[in-house]
Amino acid sequence: AISKCITMEKNDYYQDMFTEIDVEEDGEVYVKDVVSHLANISPHFTDNVKVKRVLEKYEADTMRTIVFEEFSEMMEDLEEADWNKRRRRSSEKKLDTQGAFGVIDINKSGSISKKEIKMAAKMLYRKYGIDDALAWLKKYDIDSDGKLSLMEFEAGIRQTMAKKMTPA
């Protein structure tokens with residue numbers, strides 16, 4: 001049993017993240033894949049000494065798989081170690097995806113609808129180079145509900161920007 005009390009919202013967030021990492025859909029993820037996923041979210045998270053200690057506990061065998069319960073415990077330990085504390089450097093241009101999401105989510109429903117994304121098409125093009133906002137929404141709408149959650153939006157922006165950084 002999980003000894004720490006995890007809110008339903010945090011549990012849902014962890015479940016979504018776990019599902020994203022669990023590409024084989026077998027209810028298990030490799031520790032190395034979790035670390036890789038977190039590095040995509042917060043590239044410098046392993047610079048934190050407390051985070052390194054937490055990871056040492058789980059990374060003794062990087063080919064080890066963990067189930068959702070262990071993943072949740074690992075994430076709680078990483079949260080306590082401030083794994084996602086963003087280091088702002090003037091040389092790094094950080095994407096303010098949460099801010100952009102908040103601007104686009106006009107009705108504050110917690111998701112971006114087709115209507116909202118159409119209205120934000122120019123901003124998405126200027127800020128991220130997304131030239132077909134509706135096609136982009138459809139591509140990153142992982143749960144196919146016709147809307148983008150914050151997590152889907154952030155993943156889409158990350159992948160879009162990574163493609164722009166990678167030479168063809």
Side-chain angles (χ1 to χ4, degrees), residues 1-87 92 94-102 104-105 109-113 117 128 130 135-167:
I2 297 176
S3 56
K4 297 175 182 150
C5 183
I6 299 175
T7 64
M8 288 299 287
E9 186 177 314
K10 198 176 266 190
N11 186 68
D12 290 348
Y13 173 70
Y14 291 162
Q15 187 65 59
D16 289 345
M17 190 183 292
F18 185 84
T19 302
E20 216 175 285
I21 300 166
D22 185 15
V23 291
E24 295 169 356
E25 298 179 0
D26 60 359
E28 296 181 337
V29 295
Y30 288 102
V31 172
K32 67 178 179 63
D33 292 337
V34 173
V35 172
S36 175
H37 185 81
L38 297 178
N40 284 335
I41 295 170
S42 184
H44 302 284
F45 89 103
T46 56
D47 295 350
N48 178 327
V49 177
K50 291 179 194 169
V51 167
K52 283 182 181 174
R53 285 194 198 116
V54 171
L55 292 177
E56 284 170 6
K57 191 167 100 177
Y58 293 92
E59 282 191 302
D61 174 12
T62 56
M63 292 308 288
R64 176 177 167 229
T65 59
I66 56 175
V67 295
F68 179 69
E69 188 173 323
E70 289 174 287
F71 172 78
S72 294
E73 289 173 11
M74 179 181 180
M75 289 306 299
E76 281 298 294
D77 292 345
L78 288 169
E79 294 276 338
E80 285 176 22
D82 274 338
W83 78 272
N84 201 11
K85 185 174 14 177
R86 301 200 188 272
R87 296 171 192 252
E92 289 180 318
K94 289 286 182 185
L95 301 172
D96 183 15
T97 53
Q98 288 184 339
F101 183 90
I104 299 167
D105 181 20
S109 65
S111 61
I112 297 173
S113 67
I117 206 130
Y128 305 111
I130 298 166
W136 186 84
L137 177 142
K138 194 171 188 170
K139 180 177 182 178
Y140 293 103
D141 179 17
I142 306 304
D143 61 7
S144 301
D145 65 352
K147 303 177 280 197
L148 290 180
S149 65
L150 175 60
M151 198 169 85
E152 290 169 325
F153 181 78
E154 288 178 325
I157 295 296
R158 259 195 323 278
Q159 291 175 30
T160 300
M161 298 313 289
K163 286 177 189 163
K164 293 193 181 318
M165 304 290 194
T166 308

Criterion side-chain contact (heavy atoms from CB on, under 4.5 Å) on Leu55 and Phe45, from CA distance to verdict:
CA-CA 11 Å; Leu55 292 177; Phe45 89 103; 3.9 Å; yes
Note: Glu20 and Ala155 closest approach over all heavy atoms is OE2-CB, 4.5 Å
side-chain contact (heavy atoms from CB on, under 4.5 Å) with Asp16: which residues, sequence neighbours excluded?
Met151
What distance separates Glu79 CD from Tyr14 OH, expressed to the nearest 0.5 Å?
4.0 Å
Enter the distance from Glu76:CD to Trp83:CH2 here, rounded to the nearest 0.5 Å.
12.0 Å
Rounded to the nearest 0.5 Å, what separation is found between the CD1 atom of Ile117 and the CZ atom of Phe153?
6.5 Å
Between CZ on residue Phe18 and CG on residue Asn11, distance to nearest 0.5 Å:
11.5 Å
Could you grab the distance from atom CG of Leu38 to atom CE of Met75, nearest 0.5 Å is fine?
5.0 Å
Is there a donor-acceptor pair under 3.5 Å between the side chain of Asp141 and the backbone N or O of Asp145?
yes
Looking at Glu70 and Arg64, is there a salt bridge between them, counting it only when a charged N and a carboxylate O are closer than 4.0 Å?
yes
Contact summary for Leu137 and Ile112, nearest pair of heavy atoms
CD1-O, 3.8 Å
Atom pair CG (Leu148) and CD1 (Ile104), whose distance is rounded to the nearest 0.5 Å
9.0 Å
Please check if the side chain of Glu152 supplies one atom and the backbone of Asp143 the other of a donor-acceptor pair under 3.5 Å.
yes
Flag, side chain of Asn48 to backbone of Ala81, donor-acceptor distance under 3.5 Å
yes
For Lys32, does its backbone N or O pair with a side-chain atom of Ser36 as donor and acceptor, under 3.5 Å?
no
Pair Arg53-Lys57, side-chain contact (heavy atoms from CB on, under 4.5 Å): steps then yes or no
CA-CA 7 Å; Arg53 285 194 198 116; Lys57 191 167 100 177; over 6 Å; no
My understanding is that only residues two or more places apart in sequence, or in another chain, count here; which of them pass side-chain hydrogen bond (donor to acceptor under 3.5 Å, both in side chains) with Asp105?
Ser109
So which heavy atom on Met17 is nearest to which on Phe71, and how close?
SD-CZ, 3.8 Å
Please give me the minimum heavy-atom distance between Val51 and Asp82, naming the atom from each residue.
CG2-C, 4.4 Å
Paired with Ile157, the side chain to side chain contact (heavy atoms under 4.5 Å, CB included) test is passed by just one of Tyr140, Phe101, Trp136, namely Trp136
